Amino acid sequence: MAGVGALNVNAAPTCSQACRPRKQPFRCQFKCQAMSALSQKDCGEGNKPDRRRVLSQIASLAAALTVSWESAALATSLPVEAQDDNKLLCNAECMKTIDDIKMVNLPSGLQYKEIKEGTGPIPPVGFQVVANYVAMVPNGKIFDNSLEKGKPYDVRVGAGQVIPGLDEGMKTMKVGGIRRLYIPGNLAFPKGLSSGPGRPRVPPKSPVVFDVELVYVPGLDEE
């Protein structure tokens, strides 16, 4: 006695015999396509369908479908920096030319590249500034980003409210400018930073890279 849903090797298999579409409609569709194709080819006069070929075809189609699902999942899990140039201060176009920008070396060990020269004032020490930033470990993975948060950062320049390398790097920026800061470990995070969802860990006293945009200086810009 044949069990429920079993394939009948003495007759051409049908969709209702091959699968139950309620739980997995896409896989059922591929099964039915395989059954239909093999039935047309192999179920002529005097021929019986080859069950092994049927099952092999079903397995191949199911594997192809699984690969396509995995590829889609991988695309949606790519880092933010690879998906949205609007949330970067140095986008893909900028990265093509950044190697050609002159590196400025300071006595403290801080280095920077002027991605965009600002046209506004330089903030005096002690003034509050509004800035955007994208913070990365040396391999380019982002661990903090004001653009993702949708709000620029308020900080008082030279007051020790941020790590020394960032403080020093902003002191000579002009409003409207964008600068990439290469901050050595002794001017970065002495205790490091723990990792977060999709964000890398920053080890203690390890170098970091900051892209910084000086948006404006409240009070100074209005003068």
Side-chain angles (χ1 to χ4, degrees), residues 79-82 84-193 196 199-223:
V80 174
E81 57 266 34
D84 191 350
D85 273 2
N86 293 325
K87 293 183 179 178
L88 298 174
L89 292 174
C90 185
N91 57 22
E93 196 64 31
C94 165
M95 288 301 296
K96 293 177 182 179
T97 60
I98 196 164
D99 287 342
D100 299 328
I101 300 175
K102 179 184 177 182
M103 180 77 81
V104 178
N105 301 285
L106 301 181
S108 64
L110 177 68
Q111 298 175 302
Y112 70 83
K113 290 188 174 187
E114 207 76 69
I115 295 174
K116 177 185 176 183
E117 182 77 30
T119 57
I122 296 175
V125 173
F127 268 61
Q128 186 173 348
V129 303
V130 177
N132 276 312
Y133 65 88
V134 178
M136 301 164 278
V137 292
N139 66 5
K141 291 187 178 295
I142 296 172
F143 63 85
D144 200 2
N145 187 342
S146 69
L147 297 174
E148 284 184 2
K149 298 173 182 177
K151 182 181 178 181
Y153 187 66
D154 296 350
V155 60
R156 198 170 297 279
V157 175
Q161 295 180 347
V162 293
I163 58 174
L166 181 56
D167 217 354
E168 182 180 1
M170 290 193 299
K171 283 181 183 178
T172 55
M173 288 186 69
K174 295 179 180 179
V175 171
I178 300 176
R179 182 176 285 184
R180 172 161 290 188
L181 305 174
Y182 300 86
I183 302 174
N186 63 309
L187 300 178
F189 299 94
K191 296 182 180 180
L193 297 172
R199 302 301 188 191
R201 172 178 174 267
V202 179
K205 297 183 178 180
S206 65
V208 291
V209 179
F210 271 72
D211 288 345
V212 182
E213 176 189 29
L214 190 56
V215 181
Y216 69 97
V217 182
L220 191 61
D221 277 356
E222 288 86 0
E223 293 178 359

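Side chains included, hydrogens not; waters and symmetry mates left out as well; all remaining heavy atoms used. Note that the structure is a prediction, hence the values are computed from the model and not measured.
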Can you run down the side-chain hydrogen bond (donor to acceptor under 3.5 Å, both in side chains) pairs that involve residues 201-215, sequence neighbours left out, and say none if there aren't any? Asn132-Glu213, Arg180-Asp211
Looking only at non-hydrogen atoms, find the nearest pair between Leu181 and Gly165 and report the distance. CD1-O, 4.1 Å
Candidate pair Ile115 and Leu89, rule side-chain contact (heavy atoms from CB on, under 4.5 Å), full reasoning: CA-CA 9 Å; Ile115 295 174; Leu89 292 174; over 6 Å; no
Let's go through Glu168 and Lys171 carefully: what are the C-alpha distance in whole Å and the side-chain angles of both, what is the deciding distance for salt bridge (Lys or Arg N to Asp or Glu O under 4.0 Å) to 0.1 Å, and is it a yes or a no? CA-CA 5 Å; Glu168 182 180 1; Lys171 283 181 183 178; over 6 Å; no
Yes or no on side-chain contact (heavy atoms from CB on, under 4.5 Å) for Ile163 and Phe210, after CA distance, side-chain angles and deciding distance? CA-CA 11 Å; Ile163 58 174; Phe210 271 72; 3.9 Å; yes
Crowding at CE, Met103 (>12 non-hydrogen neighbours, <6.0 Å): yes
Value rounded to 0.5 Å, distance of CD1 in Ile183 from CG in Leu110: 6.5 Å
Given side-chain contact (heavy atoms from CB on, under 4.5 Å), test Val129 with Val155 step by step and report yes or no. CA-CA 6 Å; Val129 303; Val155 60; 3.6 Å; yes
Could you check Lys149 against Asp144 for salt bridge (Lys or Arg N to Asp or Glu O under 4.0 Å), going step by step and ending with a plain yes or no? CA-CA 9 Å; Lys149 298 173 182 177; Asp144 200 2; 2.9 Å; yes
Ile98 CD1 to Cys90 SG distance, which is reported to the nearest 0.5 Å: 4.0 Å
Report yes if the side chains of Phe127 and Val157 come closer than 4.5 Å at any heavy-atom pair, otherwise no. no
Heavy-atom closest pair (Ser146 atom, Ala131 atom, distance to 0.1 Å) is OG-O, 4.4 Å
Within the distance-only criterion (no hydrogens, no angle test), does the side chain of Asp167 pair as donor or acceptor with the backbone N or O of Gly158 below 3.5 angstrom? yes
dist Leu147:CG -> Ile142:CD1 (nearest 0.5 Å) comes out at 9.0 Å
If I compare all heavy atoms of Pro138 with all of Pro207, which pair ends up nearest, and what's the gap? CD-O, 3.3 Å
Return the minimal non-hydrogen interatomic distance between Pro123 and Met170, and the atom names on each side. CG-O, 4.1 Å
Using atom types as modelled and distance alone, determine if a side-chain donor or acceptor of Arg179 lies under 3.5 Å from a backbone N or O of Gly169. yes
According to the interplanar angle, ranging from 0 to 90°, do the rings of Phe189 and Phe143 count as parallel (below 30°), tilted (30 to 60°) or perpendicular (above 60°)? perpendicular
Over all heavy atoms of both residues, which pair between Lys87 and Glu148 is shortest? Give the atoms and the distance, please. CD-CG, 4.0 Å
Output for pair (Asn145 CG, Met136 CE), nearest 0.5 Å, gives 9.0 Å
Applying side-chain hydrogen bond (donor to acceptor under 3.5 Å, both in side chains) as the test, list every pair that has at least one member in residues 150-166; sequence neighbours left out. none
How far does OG1 of Thr119 sit from NZ of Lys116, to the nearest 0.5 angstrom? 7.5 Å
If I take atom CD from residue Glu117 and atom CD1 from residue Ile178, how far apart are they, to the nearest 0.5 angstrom? 11.5 Å
